[in-house]
Structures are given as C-alpha cells and as structure tokens.
Amino acid sequence: MTEVRVRIAPSPTGPLHLGTARTALFNFLFARHAGGTFILRLEDTDQARSTDAFERDIIDGLHWLEMTWDEGPAVGDEPECGTYGPYRQMQRLPRYREAADRLLAEDKAYYCYCSPEELDAERRRQEAARQSPRYNGRCAQLTAEQRVAFEAEGREPVVRFRIPPDRTIVFDDMIRGHVAIDTSALGGDLVIVRSDGTPLYHFTVAVDDAAMAITHVIRGEDHLSNTPKHILLFEALGSAVPQFGHLPLILNADRTKMSKRKSETAVANYRAEGFIPEAFVNYLALLGWSTGTEEEVLSLPELIDRFDLASVNKAGSIFDRERLEWLNGQWIRRLSPDDLIDRLRPFLEAEVAAGHIEWLPSDGELRALLPVVQERLPTLAAVGDLIGFLFVKDLEPDPALMIPKRWDAAKAASALRAARRTIAEVGRVSWEADEIEPPLRRLVEEGGWKVGDLFMAIRVAITGRTVSPPLFDTMVALGYERTLARIDRAIERLEAQPAVTP
RNA sequence: GCCCCCAUCGUCUAGAGGCCUAGGACACGACCCUUUCAAGGUUGAGAUCAGGGGUUCGAAUCCCCUUGGGGGCACCA
C-alpha cells in the first residue's frame, strides 16, 4: 500500500475562508488518521488578486487551528519543508511551461488566438440562443499560415487542452460513489495557459498533484463537475489519477453556498470574537461528519482517531453559529485556570484599547474571578461584558433599575442605607462571600422584603447592571472600600430622584 | 440552456431491510437548583423519514419517476 499524501491548496486571494478551513481539516484528519503526509500548497497564479497579507492570514489561521503540515512553502523565517517543492505555484512556472510544451508537442493541446472579446461575444450569443456555453473550436485545427497571420495581427495566444468528444469519464468518489460525466458537457477545449504565459487552475492542479504524488484529492463539492477535466489532464500528462473525495458544501441560512455576503466566512473574525480553536475545529469536523456515536465534544486527537471519510455526509450543511457557541462554552469550561487567563488577556487588552475598561486586572485578580467567570463565558470576548464593571473607576447606576416593583426611590434608598451599614460592619471583620450573605439575609427578613429585591438593588448599585456574577463574589472582587463607595453613590442618585406621587 | 450532486425534527445529525410507535445534540417551552445571569439536572413540544410508484413476508434504509434544493459550465481558484 502506498503512503497517503493529501494537500490543501488555498489561493491567497482572500482571508482564510471557513470552507477552506473545513477542507483543510478533513484533509488533515484523513492524513493523520492514516499516518500519511499533509501538504500545504499556495495557489497564487492569480497575480491580480493574490496578496502577501492574505497569504499571512491563511497561514496564521491554519496555525491557529493547530493544523500542522509536513510539507509546505517557506513562510517568514521558516524554511520551505518537503522534497516535492517549491510549494508556491508562482515558483513552479517552468514546470507548467514544460508540461504545456509536451502537450503541445503531442498535439494534446494547441494555440488559440481568439481574443477575450470574441470569446465573450460568442458566449453571449450562445446564452441568448439558450445554448450551453462552450468553446466552438475555432482554433482547433489552424494551419501554419493562419497562425502566422494571427501572430502578425499581434494576437497573443492562449494554450487550449483538447477535450476528447464522446467519452464518458467515470470515477469512484470516496464520498459519493460512482460518478459519470460525459466529455460533451465540459464546455469544449480548455484554456490551460493564459496569453501572458501564466498557467490556469485546472492545469496547475493536475500538474502539481501529479508532481507531488498526491494520492487522495479531498475538496469541496463545487469541484465535482470539474473532476473529469482533471482526470483527462492526468491521463494526457501520463500520470496516475488520484482518488477523489468531494465534501459537501457549507451553506448560508438560505441553503446557498456559503458566501461572505450572507455569512461570516473569515476564520480570523471568529478568532477575534473569542472562539477558541478547540471548539472551532470540533464544530467544523462535525459539520458534515459524525462519529456515529453520541459523542459531541471531541479534541483534535480524538477526531483524528475516529475520522473516516466514508462516513462523511453527502448533503450540504448550514453553518449554525448557536451550536458553535455552545461548543465554545463547553471547551472554555474545560480549560485550566492558567490557560484561560492567558487566552483572556488579549481580549481584556482590547477592552482597554476600546475604552470599555480603564485598567487591566492582574493575573491574581483574574484567577480569583475565574470560578464565577468560566462557566459564564460563551466566548472569550464576552469577558468585558461580564466583569468590566470591576475595572472602571466611577459608575453612574440608573436609579430606575435599583427600585424594585412596588418600591419607590425613598424606600430603595433607605434599604440600601441599611444594607450599607450591615456590609460595613461585617466587612470590618471579614471580607468573604460566605460571611457577607447571612447578615444581609437577616436584614431582608427584618425589613419584610424580598431577597431578590434588595439583592438586585445592591447588584445595580455596585455593578451598574441587572446581570452580573453572583452578588457576594462580586462584592469580594470589588473590594470593601469600593463596594461601600459605590453603594454611597447609588444612594445619592436615588435621593436625587424626584418623589413619585402615584 | 446543458451536465453533475443531494433530500430524516427549525438547525447539526444517528440510522447500511426487521432493534424505528425514528435516537442524540443545538435552539425553544416547563420544572428543579437559585440573589440576577449562566452552568447543571429533569422534562416537553418538534420529522406521516420531500411526493409517487415498485422490489420484499417486511423499507427511512434497495430501484425508478416526479418535485424541490445545491453546484458546475471563465485568459478565478
């Protein structure tokens, strides 16, 4: 049995896309499960749209998701690794040239002088006539004189690959099973080299997959109809045809192919929103695949262990952000304290930068908060919302929120004054959640109030909001002095309220 | 227009002819816990397995047709 060699071949014409990440993951899981080789190849032949920044984003994203490749291009100060390089297509130009020359010499390809304008006009004519768009073969049998004449006009030719008529290409897809497509449906002879001499996708993918000894091509279903072209090219090149596996697409909510127009497709944005890679990988793996058991929360090693391409679904699946958030919460709760602190830090720094909080908590402070924070975080970015009130100097709580139903401002103020006295008293002796709670409950009983009413008034007084971590833990985190100061300020604001006459 | 692929709760899925009066998870409702919010627990609602024909003693599972959806058909990848 030959060694498994698979590749992910993104093109740096945009930031790392969710779909690319998922395809990368399935290739990665397949390779690791089989003990094979996972290769990264950059398809940068679209020079008009490729940029270094996108390339960086793609590499960073894949690194973030902890997918490591065994062979790939040089990035930054990392040298290129692998013996089948280079792994950047723009550095492989001579190889495509050589392959194209061979096809030309064997008359499996030919020069075509049709201009883009002519081609475009022809395509429009066909569409108007309700015909399938296809190349009409005008340059397929040019004589030497005709070629010279075209050259004399200054026309720059492209190279077209001859698609044999009347042949049915059959292959056994690892996910979809038997697929048969007739060559008549392929749109006619295929351009493989642009007039500027740079090669096109269908050509480079076949040349490179052959040269890099790729054994399994695992990619999105959008390539299914293109596969016969690739098979024809492998054959013409005299190379072994790899196995194909076409993954179902990730869909927008309306079931169309996921697009940035309708969905959040950039992996970097999910990272910025505080999703963690464990959850992201877990979610992506389960989009279109399942273990067949009821396991849902799976680590990368567990995914590798259980992965099986044959059990991948055939139907496309809608990206469900709510489910991703749930998984993210699951994974956040599993992190160790130190790990979580490290991951939270950049998000807190961002809160400072955005002016939402005024200073950064120390590791010690953060660690003390973890027990009440960890199970409340759907994403890392939610941390600011959760405990941000601790790291601002002044709070101006809304009096309306401190007045329970059936109470008025005066009653709320006097209740808070009583609570303040109690808190001040206990706090002088001990400043622990378990010590603060009982006397306040006693106070509620004496006053004949409802627990929730008083506690909510205090909550709003010290946090400025109606939702917070548990009240007494919050007070401890805030500190004795600041707690009292905030209650004082809250009372002042209540007293400034005009008396309500019902 | 032509070609290809697909079809189980709103969503992700289990299901490889009898285990299915279709299971799990997310989301949703109720309850428990409870100082708010979470988390956790219990529980409920939610799918005539797109429709119609076959095959079979028996079909969500196999075959055919219809319908619906998606993808592809570039000097993009």
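In what follows, every heavy atom counts, from backbone to side chain, and hydrogens, waters and symmetry copies are set aside. As the structure is a computational prediction, the values presented were derived from the model and not from experiment.
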Novice: Considering every strand and a 4.0 Å limit on heavy-atom distances, what is the contact class for R130(A): base, sugar-phosphate, or nothing?
Specialist: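 Sugar-phosphate: the residue R130(A), judged by heavy atoms under 4.0 Å, touches backbone atoms but no base.
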
Novice: Which part of the nucleic acid, if any, lies within reach of Y283(A) when heavy atoms closer than 4.0 Å are counted: base, sugar-phosphate only, or nothing?
Specialist: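 Result for Y283(A) = nothing.
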
Novice: Taking side-chain contact (heavy atoms from CB on, under 4.5 Å) as the test, write out the residues that go with L104(A), two or more places apart.
Specialist: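 Checked L104(A) against side-chain contact (heavy atoms from CB on, under 4.5 Å); matches are R97(A), D101(A), A109(A), Y111(A), V159(A).
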
Novice: State, yes or no, whether a side-chain contact exists between Q91(A) and D44(A) at a heavy-atom distance under 4.5 Å.
Specialist: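 The answer is no; the side chains never approach within 4.5 Å.
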
Novice: Taking atom C1' in both U55(B) and C62(B), compute the distance separating them and give it to the nearest angstrom.
Specialist: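 The same atom, C1', in both gives a distance of 8 Å.
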
Novice: Can you list, by residue number, the residues of residues 453-465 of chain A that have a non-hydrogen atom closer than 4.0 angstrom to RNA chain B?
Specialist: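 Output list: F455(A), M456(A), R459(A).
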
Novice: With RNA chain B as reference, determine whether K229(A) or R176(A) sits nearer its 5' end, using the nearest nucleotide of each.
Specialist: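 Final value for this comparison: R176(A).
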
Novice: On RNA chain B, compare the nucleotides closest to E322(A) and R333(A); which residue's is nearer the 5' end?
Specialist: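 First, find each residue's nearest nucleotide; the 5'-ward one identifies E322(A).
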
Novice: Base, sugar-phosphate, or nothing: which does Q330(A) touch, judged by heavy atoms less than 4.0 Å apart?
Specialist: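 Sugar-phosphate contact only.
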
Novice: Report which part of the nucleic acid T256(A) touches: base, sugar-phosphate, or nothing (heavy-atom distance under 4.0 Å, all strands).
Specialist: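 Here T256(A) touches the backbone only, sparing every base.
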
Novice: Using atom P in both nucleotides, what's the gap between G70(B) and A30(B) to the nearest angstrom?
Specialist: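 The same atom, P, in both gives a distance of 36 Å.
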
Novice: For P248(A), report the nucleic acid contact type (base, sugar-phosphate, nothing); a contact means any heavy atom under 4.0 Å.
Specialist: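 Counting heavy atoms under 4.0 Å across all strands, no contact is made by P248(A).
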
Novice: Applying a 4.0 Å non-hydrogen cut-off, can you work out what A180(A) is touching in the nucleic acid: base, sugar-phosphate, or nothing?
Specialist: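 Touches sugar-phosphate only.
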
Novice: How is N226(A) classified with respect to the nucleic acid when contacts are heavy atoms under 4.0 Å: base, sugar-phosphate, or nothing?
Specialist: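 Base, at least one base heavy atom under 4.0 Å.
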
Novice: Just call it for G188(A): base, sugar-phosphate, or nothing, with non-hydrogen atoms closer than 4.0 Å on any strand.
Specialist: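 Result for G188(A) = nothing.
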
Novice: What residues in residues 371-390 of chain A put a non-hydrogen atom under 4.0 Å from any atom of RNA chain B?
Specialist: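 The answer is E375(A), R376(A).
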
Novice: Can you name the residues that form a side chain to side chain donor-acceptor pair (under 3.5 Å) with Y87(A), not counting sequence neighbours?
Specialist: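 With sequence neighbours excluded, Y87(A) shows a side chain to side chain donor-acceptor pair (under 3.5 Å) to E71(A), given in chain and number order.
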
Novice: Got L237(A) and V207(A) here, is their nearest side-chain heavy-atom distance under 4.5 Å?
Specialist: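 Side chain of L237(A) against side chain of V207(A), heavy atoms only: contact under 4.5 Å found.
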
Novice: Please name all residues satisfying side chain to side chain donor-acceptor pair (under 3.5 Å) with T204(A), sequence neighbours left out, ordered by chain then number.
Specialist: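 Partners of T204(A) by the side chain to side chain donor-acceptor pair (under 3.5 Å) criterion, ordered by chain and then number, come out as Q89(A).
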
Novice: When we call it a touch if two heavy atoms are under 4.0 Å apart, what does T198(A) touch: a base, just sugar-phosphate, or nothing?
Specialist: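 Nothing: the residue T198(A), judged by heavy atoms under 4.0 Å, touches no strand.
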
Novice: Using the P atom on both, measure C9(B) against A50(B) and round to a whole Å.
Specialist: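 Each nucleotide's P atom is 7 Å from the other's.
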
Novice: Below 4.0 angstrom, N of the basic side chain to O of the carboxylate: do R95(A) and D208(A) qualify?
Specialist: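 Salt bridge: no.
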
Novice: Who are the ring pair (Phe, Tyr, Trp, His ring centres under 6.0 Å) partners of W407(A), not counting sequence neighbours?
Specialist: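 Residues passing ring pair (Phe, Tyr, Trp, His ring centres under 6.0 Å) with W407(A): W449(A).
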
Novice: Please enumerate all residues that pass salt bridge (Lys or Arg N to Asp or Glu O under 4.0 Å) together with K411(A), with sequence neighbours excluded.
Specialist: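 K411(A) satisfies salt bridge (Lys or Arg N to Asp or Glu O under 4.0 Å) with no other residue.
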
Novice: What nucleic acid atoms does I318(A) come within less than 4.0 Å of, heavy atoms only: base, sugar-phosphate, or nothing?
Specialist: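 The answer is sugar-phosphate, as I318(A) gets under 4.0 Å only of primed atoms, P, OP1 or OP2.
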
Novice: In whole angstrom, give me the gap between the P atoms of A60(B) and A38(B).
Specialist: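 Roughly 41 Å separates the two P atoms.
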
Novice: Taking the C1' atom of each, how far is U61(B) from C20(B), in whole Å?
Specialist: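 It works out to 11 Å between them.
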
Novice: So, for L298(A) and N282(A), which heavy atoms are closest and what is the spacing to 0.1 Å?
Specialist: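 Here L298(A) and N282(A) meet closest at N-OD1, 2.8 Å.
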
Novice: Heavy atoms of chain A, cut-off under 4.0 Å: which first and last nucleotide of RNA chain B, 5' to 3', fall inside that, if you could look?
Specialist: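 Contact span on the strand: G1(B) to A77(B).
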
Novice: According to salt bridge (Lys or Arg N to Asp or Glu O under 4.0 Å), who are the partners of D398(A), at least two apart in sequence or on a separate chain?
Specialist: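 Checked D398(A) against salt bridge (Lys or Arg N to Asp or Glu O under 4.0 Å); zero matches.
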
Novice: For G1(B), give its Watson-Crick or G-U wobble partner with both distances under 3.5 Å, or none.
Specialist: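 Because both required distances fall under 3.5 Å, G1(B) counts as paired with C73(B).
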
Novice: In whole angstrom, give me the gap between the P atoms of C75(B) and U13(B).
Specialist: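 Rounded to whole Å, the distance is 35 Å.
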
Novice: NA contact type, L249(A), heavy-atom cut-off 4.0 Å: base, sugar-phosphate, or nothing?
Specialist: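 Counting heavy atoms under 4.0 Å across all strands, the contact made by L249(A) is with sugar-phosphate only.
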
Novice: For S336(A), enumerate each residue passing the side chain to side chain donor-acceptor pair (under 3.5 Å) test, keeping only those at least two apart in sequence or located in another chain.
Specialist: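 Per chain and number, S336(A) pairs via side chain to side chain donor-acceptor pair (under 3.5 Å) with no residue.
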
Novice: Looking for any heavy atom pair under 4.0 Å, which part of the strands does S290(A) touch: base, sugar-phosphate only, or nothing?
Specialist: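 Sugar-phosphate, no base atom in range.
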
Novice: Which side-chain N or O atoms in residues 16-25 of chain A pair as donor and acceptor under 3.5 Å with protein atoms at least two apart or in another chain?
Specialist:
| from | atom 1 | to | atom 2 | distance (Å) |
| --- | --- | --- | --- | --- |
| H17(A) | ND1 | G19(A) | N | 2.8 |
| R22(A) | NH1 | L287(A) | O | 2.5 |
| R22(A) | NH2 | P248(A) | O | 2.2 |
| T23(A) | OG1 | G19(A) | O | 2.9 |

Novice: With sugar-phosphate meaning primed atoms plus P, OP1 and OP2, does S317(A) contact a base, only sugar-phosphate, or nothing at under 4.0 Å between heavy atoms?
Specialist: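 If one applies the 4.0 Å heavy-atom cut-off, S317(A) turns out to touch the sugar-phosphate alone, with no base involved.
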
Novice: Between C73(B) and A14(B), how many Å separate the two C1' atoms, rounded to a whole number?
Specialist: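 It works out to 36 Å between them.
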
Novice: For S11(A), answer base if it contacts any base atom (sugar-phosphate contacts may also be present), sugar-phosphate if it contacts only those atoms, and nothing otherwise; contact means non-hydrogen atoms under 4.0 Å.
Specialist: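 The residue S11(A) makes sugar-phosphate contact but no base contact.
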
Novice: Quick one: look up who C28(B) pairs with, Watson-Crick or G-U, both distances under 3.5 Å, and put none if it's unpaired.
Specialist: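 G44(B) is the nucleotide pairing with C28(B).
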
Novice: Might you work through the side-chain contact (heavy atoms from CB on, under 4.5 Å) test for T45(A) and M90(A), ending with a clear yes or no?
Specialist: CA-CA 6 Å; T45(A) 55; M90(A) 283 309 280; 4.2 Å; yes

Novice: Sort out the partner of A22(B) for me: Watson-Crick or G-U wobble, both distances under 3.5 Å, none otherwise.
Specialist: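 Looking at the geometry, A22(B) pairs with no nucleotide.
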
Novice: By side chain to side chain donor-acceptor pair (under 3.5 Å), which residues pair with E294(A), not counting sequence neighbours?
Specialist: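 Partners of E294(A) by the side chain to side chain donor-acceptor pair (under 3.5 Å) criterion come out as none, since no residue qualifies.
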
Novice: Take atom C1' in U8(B) and the same atom in U48(B), then report the distance between them in whole Å.
Specialist: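 Their C1' atoms lie roughly 12 Å apart.
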
Novice: Counting only Watson-Crick or G-U wobble pairs whose two distances fall under 3.5 Å, which nucleotide matches U56(B)?
Specialist: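 Partner of U56(B): none.
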
